[in-house]
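Every chain is numbered from 1, with letters handed out A, B, ... down the list of sequences.
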Amino acid sequence: MTTLARSCFVLSILLRCAGPVFAAGDPDLLPPDRTVTAWSRSGAPKVYEGPALYDHIDGGGEAFLELGFEACTVQKYTRGQEELTLEIYRMADSAAALGSYVANCGRETPSPALDERHTAGQNQLIMVKGRFYVVVTLGPTGKNGSPALLDFAKYTAQRIPSGPPPGVLALLPKEGLMPGSVRIARGPLGLSAVATLGEGDILQLGRKVTAVSGDYPEKNGGSKTMIVADYPSPEAAAAALAHLRENLDRYLKALDSSPDSLVFQDYKGHYGFAGVRGSRLVVQVGFLDKPAP
Amino acid sequence: MKRRRYSSIARLLGVSRRDFLTSVGAATAAAAGGILLGVPSSGEEKPSPPKPPTEVETNLAEFMKVPKGPHGIPGPFPGKVVQVTDAKCLRNGKVDAKVVAEMVEAGIAGLTGQGSKKSFALFFDKSDVVGLKVNPVGAPLICTKPQLVAGIIAWLEKGGLLRKNIVIWDRFDDMLAEAGYTRERFPGVRIEAMQTMAGEGKSWKNEKGEHLSASSFDKEAFYYAKGILGKSVPGYGSDDEYENQHVFTGEYSYFGKLVTQTLTKIINIPVFKNTGNGISMATKNLGYGAICNTGRLHQPLFFRVCTEVLAAPWIRDKLVLNVTDAIRGQYDGGPMGNEKFQYPYQTLFFATDPFASDMTCHNILLEKRKAMGVKVNDHPRFTDYLYQAEKLGLGVADPKKIQVWRV
């Protein structure tokens, strides 16, 4: 690598770490021609910035944008008749990247050949590192896809700077937390994956406040869900609870209400609780027995 | 049979467009009433809602004023869903086109109780222009399989329809190509997208600054949703960005001219997959596939669109058959393709009633999600739109009234 090339590479890494200033996608995370076992680029990379993401994923872009999305760089590769697509999503922060990953990874089946958090199948690999969410997909004519998927993921992962896990994970009690149940939300779309509490942005997350949820065992062998949203101030958390109380979903019935808590029952007869704890709002759903207010 | 071509609802009703729009608000409120409130028809497990959700004014009531045509949904077999399963259709990840074609014949015979030619005559005559609405979103991992479409075309040809009268269609040209719908693969069959988007070396604007696809949409045929604009879409940047994909901004989502002026019948061929806690199958494939300017609708009216757009005469009276491709299913991560959640289901679903089909598939997918340990939010709101359709007389949603025939 020449001195100039090395300088450009270092600069690009610094810019990426600094925040959303890199406006032309992330082409330096893409393997050049024949770097990964004889795969060649097919056409130029496509970059989708901000709401242009809808042009790439029709009907699925909202989830990324709600969490905090900056740019998606897409490059197709070919090797003989085989096709492979590498998608690199640069999210606003590591919580947004992890939120995208946990929503899509399912029961993880990682390969020991890759250190970063990922799940690998025969035709698709999904990975998260720092504020990048990466998807590698083999086309319909691909054969024995796993090695190629891993090679592409490794190349990209090596060029993404490491960072600490998102702090939002510490909001959930570790004891009893069921594996694979953590979800991250910053708006109604993300929240709807775990609970329906009301119309619109019922917890007033506004794509800025981060909520994290996880499941815990309930006595019947099922599970209950805890959602913790961390607001900028106790007043904001109290306002979110007030909004929830006033706009509670039409299939939920309020049972007990006080200035800093709410107990309700859902359409299945299960109970829920919402309460303010300093600048946090804690919501729990799926109780078999009515919780104390 | 005489071919019927639809003009605007305003024209059909003999009123000017301005009068029509003025009447929308009152008509919607008066005619739809409780229908629009999403109240379920069978209330056993659903308590009466304490208060209605905030309603958005649409032109549903105007659609419902137009008398239903002879082929109007739910068609001749309301509440009937035929499920054909053959493990041989997908082996080692490869689709067997011959087996799929046999499943098509078996499914249609099971649905109609008639042989191939009589079944054809039940839905079509030889002069029809038949649109095959595929779902290419999520290719290559999940999309309507070209082998299934080929099987349906073979059945149509057997009935006497010429290939030039068959149109494989979707909204976007690049997605159709990516999913394998090319002229080379389907010679003699028309492959038409309603829209193009900006890509390498191409712009979506013409020299006048208008969208290249603007002329593909019928300004006289629209789904209206008052106050619902592209500006409300999360991450909205500018009209230019929005129009690339959605062609128009504003309160109107126009139907494609292909649907309103060219096609005389529609076969809907969705994919068996989820979208969030709901499904993206028969009703969503057309609800969001026949109109433009859909981005604005996703958050405020997501599933409601799946009923209300299908209530529009241009869809309601032309949609004669729904064949849901469940050769491979996807129980989470949709509507995009996600291999992690896919499984070989080796099944096709046949129905004239898209709502019965969707309710059946929704419940099957829900059970699959539970079995696979996926977080399930089975709130009634994710099927309210199907019950709404039942109240409108467009289909059957109550599972107790739906008959599932397994072949």
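Most heavy-atom pairs under 4.5 Å with chain A: of the set B:Leu141, B:Val376, B:Asp378, B:Val233, this distinction falls to B:Asp378. Top candidate by heavy-atom pairs under 4.5 Å with chain B, chosen from A:Ala103, A:Ala195, A:Gly269, is A:Ala195. The candidate from B:Asn277, B:Asp332, B:Val374 with the greatest count of non-hydrogen atom pairs under 4.5 Å with chain A is B:Asn277. Your options are A:Pro188, A:Gly50, A:Ala193, A:Ala52, and the one with the most heavy-atom pairs under 4.5 Å with chain B is A:Ala193.
Listed by first then second residue, pairs satisfying side-chain hydrogen bond (donor to acceptor under 3.5 Å, both in side chains) with a partner in residues 179-194 of chain A read A:Asp93-A:Arg186, A:Arg186-A:Thr210, not counting sequence neighbours.
Ring pair A:Tyr267/A:Tyr251 is perpendicular by interplanar angle, where above 60° counts as perpendicular and below 30° as parallel.
Both the backbone and the side chain of B:Asn338 come within less than 4.5 Å of a heavy atom of chain A. The part of B:Glu178 that comes within reach of chain A is its side chain, from C-beta onward, which places non-hydrogen atoms under 4.5 angstrom from that chain. For chain A, the nearby part of B:Phe382 is the side chain; its heavy atoms alone come within less than 4.5 Å. Contacts between A:Arg107 and chain B at a heavy-atom distance below 4.5 Å involve backbone atoms as well as side-chain atoms. Contact annotation for A:Thr109: both backbone and side-chain heavy atoms come within less than 4.5 Å of a heavy atom of chain B.
Looking at B:Thr144 and B:Asp325, their side chains never bring a donor and an acceptor atom within 3.5 Å of each other. In the model, B:Lys375 has no side-chain atom that pairs as donor or acceptor with a side-chain atom of A:Ser213 under 3.5 Å.
By the side chain to side chain donor-acceptor pair (under 3.5 Å) test, B:Lys145 pairs with no residue at all, sequence neighbours left out.
In this structure, A:Tyr133 has its ring center closer than 6.0 angstrom to the ring center of A:Phe64. Aromatic ring centres of A:Tyr101 and A:His118 lie farther apart than the 6.0 Å criterion allows.
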